[in-house]
Amino acid sequence: GKVRVPTNIVSSICDDRGEEPTYAGVDMSTLMVGDRGVGDVIALLWFKRQLPKYATRFIEMCVMLCADHGPCVSGAHNTIVTSRAGKDLVSSLVSGLLTIGPRFGGAIDDAARYFKDAADRRLEPDEFVEDMKKQGIRVPGIGHRIKSKDNKDKRVELLQKYASKYFPSTKYLQYACRVEQYTLTKQANLVLNVDGCIGALFLDLLNSTSLFTQAEIEDIVKIGYLNGLFVLARSIGLIGHALDQKRLQQGLYRHPWDMVLYTK
Ligand code: Q5B
């Protein structure tokens with residue numbers, strides 16, 4: 001009989017061997033019916049299951065709201081400089097993407113990890129924040145360069161408003177807001193930022209759909225799925241910036257001398 005060749009790759013999300021590809025078992029024809037969107041595709045390819053409408057809409061909101069935040073943020077800056085250096089679209093995009101990390105855009109997973117741990121252990125927000133301080137760790141999901149107590153982040157407000165209306169529970173968001181209440185007593189820019197809000201609300205989403213076991217939720221938080229939302233979203237904006245620079249025929253960027261402190 002036939003001898004099976006050794007398996008090189010194990011893969012479980014997309015099967016392209018049939019007449020049409022399937023995403024977690026759902027074929028393209030089915031996906032194109034009704035009002036399914038990119039949130040459904042993310043649910044299938046990342047979470048390997050169909051999610052209710054309120055959840056896929058929330059995912060789409062995250063993508064839409066994080067798609068861009070102007071030319072001054074780290075990612076856009078790198079992409080703009082790279083594009084102006086004459087590099088191609090992919091190089092300009094990845095140059096921007098590589099700035100996403102613990103300080104910029106990539107604090108969603110850690111925010112989810114720390115908020116979950118602290119809320120599950122029923123730590124009072126002040127205890128949590130002071131514990132983090134003792135360990136020399138900035139609270140992920142808290143703080144912003146331009147947003148503050150009196151200039152709240154509209155994206156955060158929109159996500160909170162949506163979740164309050166459609167999520168069965170917002171336990172983790174409420175915890176994150178209590179953390180914010182405390183950090184704001186220390187400094188006006190220590191607001192719950194967009195990363196922190198998405199991290200907390202994703203915990204609420206995972207817990208409220210009843211489609212994930214506690215072990216699966218632990219795994220999602222441990223592996224770190226959620227920074228992917230910012231990476232995916234911001235790719236849209238970064239591609240826009242790369243193309244914008246070409247369209248505007250911007251030449252090679254050189255930082256002005258007077259913007260540098262030359263020191264010994
Ligand atoms: N302090 C975001 O810092 C920033 C503290 C804190 C306790 C904190 C900082 C931070 C955690 C990481 C995070 C996501 C670096 C941000 C994003 C997407 C974006 C970006 C955009 C977009 C800002 C001054 C004093 C120091 C610090 C203390 C600061 N943060 N203490 N917990 N979390 N946050 N990142 O203003 O005593 O003087 O030493 O790391 O969640 O990236 O639009 O720009 O869409 O593109 O530079 O929105 O908060 O302040 O570093 O000078 O710190 O505050 O310890 O205290 P800043 P620093 P002290 S959303």
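When a ligand or atom number is given, it counts from 1 through the structure's own listing order.
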Aromatic ring centroids of [X] and [Y] under 6.0 Å?
X      : Y      : answer
Phe104 : Phe230 : yes
Tyr166 : Tyr162 : yes
Tyr172 : Phe202 : no
Phe128 : Tyr182 : no

Classify the contact between [X] and ligand 1 as side chain, backbone, both or neither, using a heavy-atom distance cut-off of under 4.0 Å.
X      : result
Lys186 : neither
Arg155 : side chain
Leu190 : side chain
Asn189 : side chain

- Query: Heavy atoms, side chains only, cut-off 4.5 Å: are Leu192 and Gln160 in contact?
  - Reply: yes
- Answer whether the closest heavy-atom distance between the side chains of Lys152 and Glu180 falls below 4.5 Å. yes
- Can you figure out which of Pro102, Gly143, Pro140 has its heavy atom closest to atom 12 (C) of ligand 1? Pro102
- Note on the structure: atom 50 (O) of ligand 1: of Arg138, His144, Lys133, His69, the nearest heavy atom sits on Arg138
I need the nearest protein heavy-atom contact for [atom]: residue, atom name and distance, please.
atom                    : result
atom 16 (C) of ligand 1 : Asn193 ND2, 3.3 Å
atom 11 (C) of ligand 1 : Ile142 O, 3.3 Å
atom 56 (O) of ligand 1 : Gln187 OE1, 4.4 Å
atom 14 (C) of ligand 1 : Arg103 O, 3.3 Å
atom 57 (P) of ligand 1 : Arg145 NE, 3.6 Å

Sub-4.0 Å protein heavy atom near [atom]:
atom                    : answer
atom 48 (O) of ligand 1 : yes
atom 59 (P) of ligand 1 : no
atom 39 (O) of ligand 1 : no
atom 54 (O) of ligand 1 : yes

Would you call [X] and [Y] a salt bridge, taking side-chain N to carboxylate O under 4.0 Å as the test?
X      : Y      : value
Lys133 : Glu130 : no
Glu127 : Lys134 : no
Glu218 : Arg113 : no

- Measuring from the heavy atoms of Gly105, does anything fall under 4.0 Å of ligand 1? yes
- ligand 1 contacted by Arg234 (non-hydrogen, < 4.0 Å): yes
- Short N or O distance, Val139 and ligand 1, threshold 3.5 Å exclusive: yes
- Considering distance alone, does some N or O of Asp195 sit under 3.5 Å from an N or O of ligand 1? no
- Side chains of Thr30 and Asp27: donor-acceptor distance under 3.5 Å anywhere? yes
- Message: Would Glu216 and Arg49 count as a salt bridge (Lys or Arg N to Asp or Glu O under 4.0 Å) here? Give the steps.
- Response: CA-CA 12 Å; Glu216 284 173 327; Arg49 71 204 69 197; 3.3 Å; yes
